[in-house]
Amino acid sequence: MTITSPHLGSSSDSWTDARLLYALEEVVEQELNRHLKVAKDWMPHEYVPFSDARNFPGLFEDGEAWEKGQSPVTDIGRIALVVNLLTEDNLPSYHHEIASLFGRDGAWGTWVHRWTAEEGRHGIVMRDYLLASRAVDPDELERFRMIHMSEGFESDNRHSMLHSVAYVAFQELATRISHRNTGHQSGDPVCDRMLARIATDENLHMVFYRNLLKAAFELAPDLTMQAVRDVVVNFRMPGHGMPGFERAAAQMAIGEVYNLRIHHDDVLQPVLRFLKVLEIDGLGPEGLQAQEELGFYMGGLDAEASKFDERLAARKARMAARKA
């Protein structure tokens, strides 16, 4: 599909956020309608093992204190679940960011509210699961939530509509991968099924933004290429400000929930490959420079990921030797 507008020139200087929002409105409506046809409603309570739940100390005389051994969830699963849930908890700030940027009217507004409603289920089901299954310390989880949400969230890309669309195209896939791998590593089939359901939503959200990014490339290829370069080079997960994030991220990397290799192979490459970003021709000087810089960065990231793979393999070998 090629998008044209008789009211806008092809020069990069003519594209403001307002004009891009207007020009992409039809694509947003098409993608919204497609999304609503394929998305399936689901009930968070159907994924939670409420029969395993017991009272915690507090108002209840029969309250039982939390202990680590009360749940089958693995150590790495517990760490990743907390990171993933705290990320979902900041939904009010995310909604504010995208509603301020994309607007609350028309197809853009309908999408913003629908996305928020769907994302809300993720926090609901994850918190209910963690409390019912006693997978994490509920007091510590609540303290972390209060700290994280009290700080709020400001997107690194709030200055630009194109940068924001590019970011969420990658970030939604990153979130899908993180949830899916957490489920695989959790040690609990119930948790795995729950996170698989969440990951399905995240994948549909990625497809929406990825297709929108494709349309942006057709409208303003140079500006979109620069936005993609900036986002890829400076990418950070939205939960980077939560308590203990760096240590948790390191543990998740070693646990193969999310690391450089996964980021390169399963998040960046699929989106770039689908959009054929490094193959786009006809770019102006700035777009061409951004494309070249993006290619160099991806090559460097692949090399860094290979070094990480080697260190991880060596660590596994040492651990296996100790057990032997």
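The chain is numbered in sequence order, starting from 1.
Between the side chains of Ser178 and Asn84, a donor-acceptor pair is found at a separation under 3.5 Å. Arg176 and Thr200 are not linked by any side-chain donor-acceptor pair at a separation below 3.5 angstrom, with hydrogens and angles left out of the test. For the residue pair Glu310 and Ser306, no side-chain donor N or O sits within less than 3.5 Å of a side-chain acceptor on the partner.
Between the side chain of Gln251 and the backbone N or O of Ile76 there is no donor-acceptor pair closer than 3.5 Å. Counting only distance, with no hydrogens or angles, the side chain of Gln291 and the backbone of Val277 share a donor-acceptor pair below 3.5 Å. Checking side-chain atoms of Gln185 against main-chain N and O of Gly255 turns up a donor-acceptor pair under 3.5 Å. Checked by atom type and distance alone, the side chain of Gln70 pairs as donor or acceptor with a backbone atom of Ala65 at under 3.5 Å. Judged by distance alone, with hydrogens and angles left aside, the side-chain atoms of Asn181 form a donor-acceptor pair with the main-chain N or O of Val257 at under 3.5 Å. Side-chain atoms of Ser164 come within 3.5 Å of backbone N or O of Asn157 as a donor-acceptor pair. Distance alone, capped at 3.5 Å, is enough to place a donor-acceptor pair between the Arg78 side chain and the Ala135 backbone. Remark: the backbone N or O of Gly187 is not paired with any side-chain donor or acceptor of Thr74 at under 3.5 angstrom. Counting only distance, with no hydrogens or angles, the side chain of Asn33 and the backbone of Glu29 share a donor-acceptor pair below 3.5 Å.
His240 is linked by a ring pair (Phe, Tyr, Trp, His ring centres under 6.0 Å) to nothing, counting only residues two or more places apart in sequence or in another chain. In terms of the ring pair (Phe, Tyr, Trp, His ring centres under 6.0 Å) criterion, residue partners of Tyr209 (sequence neighbours excluded) are, by chain and number, Trp111. Taking Glu26 as the reference, nothing meets the salt bridge (charged side-chain N to carboxylate O under 4.0 Å, His left out) condition, with sequence neighbours excluded. Shown here are the side chain to side chain contact (heavy atoms under 4.5 Å, CB included) partners of Ser160, two or more places apart in sequence or in another chain: Leu162, His163. The side chain to side chain contact (heavy atoms under 4.5 Å, CB included) check on Pro243 picks up Phe144, Ile147, His148, with sequence neighbours excluded. Under the rule for a side chain to side chain contact (heavy atoms under 4.5 Å, CB included), the partners of Ser93 that lie at least two apart in sequence or sit in another chain are Asn90, Phe153. Not counting sequence neighbours, the partners of Glu293 by the side chain to side chain contact (heavy atoms under 4.5 Å, CB included) test are Arg229, Gln289.
For the pair Met225/Leu283, a side-chain contact is recorded, criterion being any heavy-atom separation below 4.5 Å from C-beta on. Side-chain contact check for Ser100 versus Arg158: every heavy-atom pair is 4.5 Å or farther apart. Counting only heavy atoms from C-beta outward, the side chains of Asp156 and Tyr167 never approach each other to under 4.5 Å. Taking 4.5 Å as the limit, every side-chain heavy atom of Arg121 sits out of range of all side-chain heavy atoms of Arg197. At least one side-chain heavy atom of Val228 sits under 4.5 Å from a side-chain heavy atom of Leu213. In this structure the side chain of Arg180 reaches within 4.5 angstrom of the side chain of Asp192, judged on heavy atoms. Side-chain contact between Gln269 and Met298: present, with at least one pair of heavy atoms (C-beta onward) separated by less than 4.5 Å.
By the 4.5 Å side-chain criterion applied to Ile, Leu, Val, Met, Phe, Trp and Tyr, Val38 is assigned to a cluster that also includes Leu204.
Sorted by first and then second residue, the ring-ring contact (aromatic ring centres under 6.0 Å, His included) pairs involving residues 168-202 (not counting sequence neighbours) form an empty list. Residue pairs meeting the ring-ring contact (aromatic ring centres under 6.0 Å, His included) criterion with at least one member in residues 242-288, sequence neighbours excluded, are Phe235-His263, Tyr258-His263. Residue pairs meeting the ring-ring contact (aromatic ring centres under 6.0 Å, His included) criterion with at least one member in residues 295-322: none, sequence neighbours excluded. For residues 62-74, the salt bridge (Lys or Arg N to Asp or Glu O under 4.0 Å) pairs, not counting sequence neighbours, are Arg54-Glu64, Lys68-Asp75.
Figure legend: cation-pi geometry between Arg134 and Phe56, with NZ or CZ positioned under 6.0 Å from the six-membered ring centre and within 45° of its axis.
A salt bridge is defined here as a Lys NZ or Arg NE, NH1 or NH2 lying under 4.0 Å from an Asp or Glu carboxylate O, and Arg143 with Glu140 fails to meet this definition. For Arg145 and Asp89, the salt-bridge test fails: no basic side-chain N is under 4.0 Å from an acidic carboxylate O. The residues Glu256 and Lys316 are annotated as salt-bridged, a charged nitrogen and a carboxylate oxygen being separated by less than 4.0 angstrom. Salt bridge Arg114/Glu118: present, at least one basic N to carboxylate O contact under 4.0 Å.
Cluster membership check: Ile124 does not share its hydrophobic cluster with Leu130, using side-chain heavy-atom separations under 4.5 Å among Ile, Leu, Val, Met, Phe, Trp and Tyr.
In this pair, Tyr47 and Trp42 present their aromatic rings perpendicular. The plane angle is above 60°, beyond the 30 to 60° band.
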